[in-house]
S.K.: 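Provided herewith is a single structure, encoded as structure tokens, for subsequent inquiry.
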Amino acid sequence: MGAPLDLFAGVAPEGAWTVSEVTRRARAVVEVGLPPLWVRGEISGFKAWQSGHWYFALRDRTSQIRCVMFQKDNRRLPAPPPDGMQVFVFGRPTVWEEKGELRLTVVELLSTERGGLWQLAFERAKAALAKDGLLDPARRRPLPPHPQRIAVVTSPDGAALRDIIAVARRRWPLAEVLVVPTKVQGDGAEQSVCDALALLGRIEDLDVAIVGRGGGSREDLWTFNSERIARAVAGAPVPVISAVGHETDVTLCDLVADHRAPTPSAAAEAATPDRTDVLAALSHLGARLGRGLATRAERTGQRLERTFDRLAAAVTLRLERDGHRLSAVSGRLDALSPLRILERGYSLARDADGRVLKRVAEFPPGRAFRLRVSDGEVPARVEAS
Amino acid sequence: MPGGLSFAEQLERLEAIVRRLEAEELDLDEALRLFEEGVERLRQARDRLTAAQARVKQVVADHAGNLRVEDFDP
């Protein structure tokens with residue numbers, strides 16, 4: 001490391017090192033002498049700058065080292081580490097010449113705590129969603145039993161989409177499957193899924209939506225732990241089935257969705273009835289329709305019969321009653337007949353014109369008249385004085 | 001689509017007919033009319049189920065934010 005210190009040489013301006021020379025040299029020494037390495041320590045004084053770069057110190061009981069993690073490296077992480085978190089960082093030791101500080105340029109950061117930053121980010125977002133009531137099971141909407149239009153928010157070239165289309169075709173060909181293409185992982189995936197979900201409200205006659213992707217690593221699925229996506233799912237205008245393709249890890253998207261399916265195929269099954277079942281149900285309805293009419297007809301027949309019986313009874317009764325009245329009347333008529341009186345020995349005197357002669361004055365001597373008796377008429381004359 | 005009804009609406013109507021036929025005191029005329037409507041709806045529903053071919057389309061938003069539905073070829 002340079003020449004032995006020469007006090008006299010140091011006095012001469014040209015013999016002294018400039019600050020920049022020292023820091024540049026120190027930096028070269030550090031970068032050559034200390035290769036990129038893993039360092040373990042506790043996060044302290046964390047600060048995220050506007051630029052997206054993270055600055056913090058890593059420390060243990062006795063020492064600390066300044067660290068920077070640039071935006072291009074930290075954007076893969078789900079959340080910034082809180083102060084006090086125990087972490088492993090992989091970084092390149094260097095000297096920050098401006099400040100003459102030893103510094104670690106961190107390219108990777110892992111929490112030593114269980115679940116680490118992922119868990120931390122997940123729990124934070126979950127708590128925020130719960131606070132707004134979005135995880136309440138009572139919010140879940142029932143899925144329509146016979147959907148007409150099914151939207152599928154997923155990657156247009158993933159296996160997930162092929163599975164969903166195959167299942168929907170087989171089970172429920174009445175439905176129209178509308179693919180809403182989106183990125184499902186990597187840079188821009190979160191925004192892309194949110195944009196796709198925002199389109200759902202503009203699709204007419206939509207009944208249900210499936211959001212998801214096939215299986216992948218935990219990092220691949222991370223997009224679906226986005227709080228923004230979860231809120232977009234909760235705000236969807238139709239019931240949403242989440243199928244993020246991981247049996248064990250539940251994503252936030254799963255938690256807010258109206259229905260969670262373990263795989264894309266299962267999501268398509270949840271979204272559709274089986275055509276065979278619906279045909280069987282139709283047959284059953286047909287049978288009930290037939291029975292319904294038969295019962296109705298039988299009841300009407302019985303009612304008709306009852307009506308007929310009552311009608312007949314009424315007519316008979318009427319006839320009988322009228323019959324009695326008729327014979328009573330004819331009896332009375334009969335009794336009044338003058339012929340019946342004549343039968344009892346009375347007779348009737350009438351003049352030639354048929355007028356009934358009732359008084360002595362009407363019988364002057366010599367008057368001819370006719371006498372009506374019960375069985376005929378007798379010509380008669382009053383004696384001359 | 002017959003009468004513009006969705007399959008679900010058609011099925012609902014059919015179920016309502018069956019329920020009325022089963023439960024209500026109806027004139028034979030009314031019962032027959034319902035029965036005939038039911039049979040027709042049943043036939044239509046069955047035809048739709050057996051004739052249907054699943055369609056797959058793609059929803060695309062252009063830069064102006066307009067929504068387009070295109071055929072989708074998986």
Side-chain angles (χ1 to χ4, degrees), chain A residues 144-153 156-157 161-162 164-166 168-181 195-196 198-200 202-207 272-273 275-276 278-279 281-297 299-301 303-304, chain B residues 1 4-62 65-74:
Chain A
H146 306 100
Q148 197 160 251
R149 282 190 131 177
I150 304 171
V152 183
V153 178
D157 39 34
L161 179 59
R162 285 199 302 278
I164 289 169
I165 289 174
R169 269 214 173 108
R170 170 167 56 76
R171 284 172 60 89
W172 191 239
L174 260 68
E176 185 177 45
V177 175
L178 289 175
V179 181
V180 187
D195 290 346
L199 290 187
L200 294 182
R202 296 174 54 199
I203 301 175
E204 279 177 21
D205 296 329
L206 187 63
D207 292 306
T272 54
R275 169 161 58 169
T276 322
V278 178
L279 275 171
L282 277 183
S283 298
H284 183 63
L285 276 177
R288 278 173 63 191
L289 198 60
R291 270 204 307 278
L293 180 69
T295 310
R296 209 43 59 210
R299 293 247 175 95
T300 310
R303 227 166 69 201
L304 215 58
Chain B
M1 202 181 297
L5 288 185
S6 71
F7 183 86
E9 285 163 341
Q10 212 167 24
L11 195 63
E12 266 166 36
R13 178 80 189 117
L14 180 57
E15 281 166 347
I17 287 172
V18 170
R19 277 196 303 273
R20 276 194 69 190
L21 209 51
E22 284 175 340
E24 287 179 27
E25 283 298 326
L26 298 168
D27 290 343
L28 195 56
D29 265 4
E30 178 69 1
L32 262 172
R33 198 191 61 70
L34 279 176
F35 176 76
E36 275 165 7
E37 188 189 337
V39 167
E40 178 58 17
R41 290 195 185 279
L42 192 69
R43 191 186 60 72
Q44 285 174 358
R46 200 173 272 151
D47 285 355
R48 282 172 91 169
L49 268 183
T50 42
Q53 292 287 335
R55 287 151 300 155
V56 180
K57 302 235 165 109
Q58 176 168 222
V59 179
V60 191
D62 62 23
N66 297 314
L67 228 55
R68 246 183 9 255
V69 175
E70 302 172 342
D71 284 338
F72 180 75
D73 208 2

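Sequence lines set the chain letters: A, B, ... in the order given, protein chains first and strands last, and positions in each chain run from 1.
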S.K.: With a 6.0 Å cut-off (strictly less than), is the heavy-atom count around CD of B:Q53, excluding the residue itself, greater than 12?
M.R.: no
S.K.: Checking heavy atoms, do the side chain of B:Q58, its backbone, both or neither come under 4.5 Å from chain A?
M.R.: both
S.K.: What residue in B:V39, B:L42, B:V69 has the most heavy-atom pairs under 4.5 Å with chain A?
M.R.: B:L42
S.K.: Relative to chain A, which segment of B:V60 carries a heavy atom at a distance below 4.5 Å: side chain, backbone, both, or neither?
M.R.: neither
S.K.: Of all the heavy-atom pairs spanning B:T50 and A:R275, show the shortest one and how long it is.
M.R.: O-NH1, 3.9 Å
S.K.: Where do A:L289 and B:F35 come nearest, in terms of heavy atoms and distance?
M.R.: O-CD1, 3.6 Å
S.K.: State which residues pass side chain to side chain contact (heavy atoms under 4.5 Å, CB included) with B:A54; sequence neighbours excluded, sorted by chain then number.
M.R.: A:R169, A:P173
S.K.: Enumerate the residue pairs fulfilling salt bridge (charged side-chain N to carboxylate O under 4.0 Å, His left out) with a member in residues 51-61 of chain B, sequence neighbours excluded, ordered by first and then second residue.
M.R.: A:E176-B:R55, A:E176-B:K57
S.K.: Which pair of non-hydrogen atoms, one from A:L174 and one from B:A52, has the smallest distance, and what is that distance?
M.R.: CD1-CB, 3.3 Å
S.K.: For B:L11 and A:H146, work out which heavy atoms get closest and say how close.
M.R.: CD2-CE1, 3.1 Å
S.K.: Which atoms form the tightest heavy-atom contact between B:A45 and A:L282, and what is the distance?
M.R.: CB-CD1, 3.8 Å
S.K.: Can you tell me which residue among A:I165, A:V152, A:I150 is in a side-chain contact (heavy atoms from CB on, under 4.5 Å) with B:V56?
M.R.: A:I165
S.K.: Could you pull out the closest heavy-atom pair between B:V59 and A:P181, with the gap in Å?
M.R.: O-CD, 3.3 Å
